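Have a look at the structure below, then the notes.
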Amino acid sequence: LHSGGLDSTVLLVAARLNTDRVLSMTVGYGQRHSRETHFAGRFCDQEGIDHEYVDLGSMASVMSGSSQTDPGMSVPTGYYAEENMAATVVPNRNMVLLSVAIARCVSLGWDYVAFAAHSGDHPVYPDCRPAFIEAMNAAARLCSAKGVMLVAPFAALTKADIVKFGEREGVDFSNTYSCYVGMEKHCGRCGTCVERILAFHEANVDDPTE
């Protein structure tokens with residue numbers, strides 16, 4: 001699963017180091033903007049990686065009540081641990097996206113789906129936590145005759161660790177997008193922007209993103 005953000009882009013590079021068959025899948029679920037999606041496609045074009053876009057735009061009305069699917073809601077600013085960040089939670093998003101990716105994996109006869117959840121994901125996002133990953137992995141193994149494995153290799157890493165790994169592997173960070181607002185440049189104030197700034201600072205790596 002490749003949103004076009006920092007974590008999933010580094011994961012895509014990590015996957016390519018471990019297998020000769022990699023497919024980037026980006027899912028549109030009616031989210032607030034398509035900037036990340038654009039960056040996902042652009043990164044894959046640059047790296048020569050197959051990329052598929054799945055349009056579930058009508059899901060926005062089903063997964064309502066989030067600043068990411070409801071344009072009438074404002075995007076909160078600050079750090080993920082703050083109460084107002086609950087407004088960024090998209091109901092059951094990762095179960096929906098993972099189900100789509102697992103279905104594609106089954107149709108291709110491939111072995112696993114990779115998911116970029118990491119230890120820095122905050123409790124406000126329960127569908128990034130180890131218990132959720134374990135349960136989805138169990139379901140993926142049972143959903144077809146062959147079964148699929150859900151892997152989350154960053155689950156024990158911090159976002160700063162992901163930045164360090166990406167730096168070592170030469171990831172073009174300027175070709176990633178991590179802002180909830182969706183302007184041409186990152187806003188620098190929303191939760192995911194703040195998290196990105198802190199991760200690069202903690203990793204002692206320069207972020208070329210404006």
Side-chain angles (χ1 to χ4, degrees), residues 1-12 23-45 49 51-80 82 84-104 113-118 120-129 132-133 136 150 152 154 159 162 173-197 199 209-210:
L1 275 173
H2 182 208
S3 69
L6 172 65
D7 306 328
S8 63
T9 300
V10 175
L11 177 63
L12 181 61
L23 173 66
S24 156
M25 175 177 281
T26 304
V27 181
Y29 53 90
Q31 57 264 58
R32 190 180 194 93
H33 63 80
S34 60
R35 292 291 295 168
E36 267 190 321
T37 301
H38 168 75
F39 274 82
R42 196 168 81 173
F43 184 86
C44 289
D45 285 344
I49 297 172
H51 178 246
E52 289 186 0
Y53 175 74
V54 179
D55 184 8
L56 300 180
S58 61
M59 289 293 293
S61 61
V62 176
M63 298 190 290
S64 61
S66 167
S67 63
Q68 300 312 294
T69 52
D70 186 345
M73 293 180 65
S74 60
V75 176
T77 59
Y79 187 59
Y80 277 129
E82 296 171 17
N84 63 341
M85 285 299 146
T88 66
V89 177
V90 179
N92 207 32
R93 180 184 65 175
N94 285 341
M95 182 176 284
V96 172
L97 270 57
L98 285 167
S99 295
V100 173
I102 290 166
R104 187 66 175 120
V113 169
F115 174 45
H118 59 84
D121 284 318
H122 292 272
V124 70
Y125 298 118
D127 57 358
C128 293
R129 309 314 307 149
F132 173 82
I133 296 169
M136 282 299 294
L150 174 62
F154 294 164
K159 200 175 187 77
I162 295 171
F173 293 124
S174 69
N175 238 349
T176 64
Y177 189 86
S178 305
C179 180
Y180 280 150
V181 177
M183 298 184 295
E184 183 177 350
K185 294 182 180 180
H186 286 63
C187 76
R189 300 177 66 238
C190 69
T192 190
C193 274
V194 170
E195 185 185 53
R196 179 178 179 128
I197 291 167
T209 299
E210 293 186 67

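For clarity, every value in this text was computed on a predicted model and none was experimentally measured. Heavy-atom basis, side chains included; hydrogens, waters and symmetry copies ignored.
Of the residues N94, D7, L97, the one that meets the side chain to side chain contact (heavy atoms under 4.5 Å, CB included) test with F115 is N94. Considering H38, H33, H2 in turn, H33 is the only one that fulfils the ring pair (Phe, Tyr, Trp, His ring centres under 6.0 Å) rule with Y177.
Judged by distance alone, the side chains of R196 and T176 do bring a donor and an acceptor atom under 3.5 Å apart. Side chains of S3 and S8: a donor on one and an acceptor on the other come within 3.5 Å. Remark: the Y125 side chain and the T88 side chain contain an N/O donor-acceptor pair separated by less than 3.5 Å.
For R189, the CZ atom sits in a loose shell: 12 or fewer heavy atoms of surrounding residues, nucleotides or ligands are nearer than 6.0 Å.
In this structure the side chain of S178 reaches within 4.5 angstrom of the side chain of T192, judged on heavy atoms. A heavy-atom distance below 4.5 Å is not found between the side chains of T26 and E36.
When every heavy atom of M136 is checked against every heavy atom of S99, the shortest pair comes out as CE-OG, 4.3 Å. Closest approach of V54 to M25, counting heavy atoms only: CG2-CE, 3.9 Å. Scanning all heavy atoms of the two residues, the minimum distance from A117 to I133 falls at CB-CD1, 3.9 Å. The two residues T69 and M63 make their nearest non-hydrogen contact at OG1-O, 2.6 Å. Scanning all heavy atoms of the two residues, the minimum distance from A40 to H51 falls at CB-NE2, 3.9 Å.
Using modelled atom types, one side-chain atom of S67 and one backbone atom of A87 make a donor-acceptor pair closer than 3.5 Å. Proximity of a side-chain donor or acceptor of S66 to a complementary backbone N or O of V89 within less than 3.5 Å is detected.
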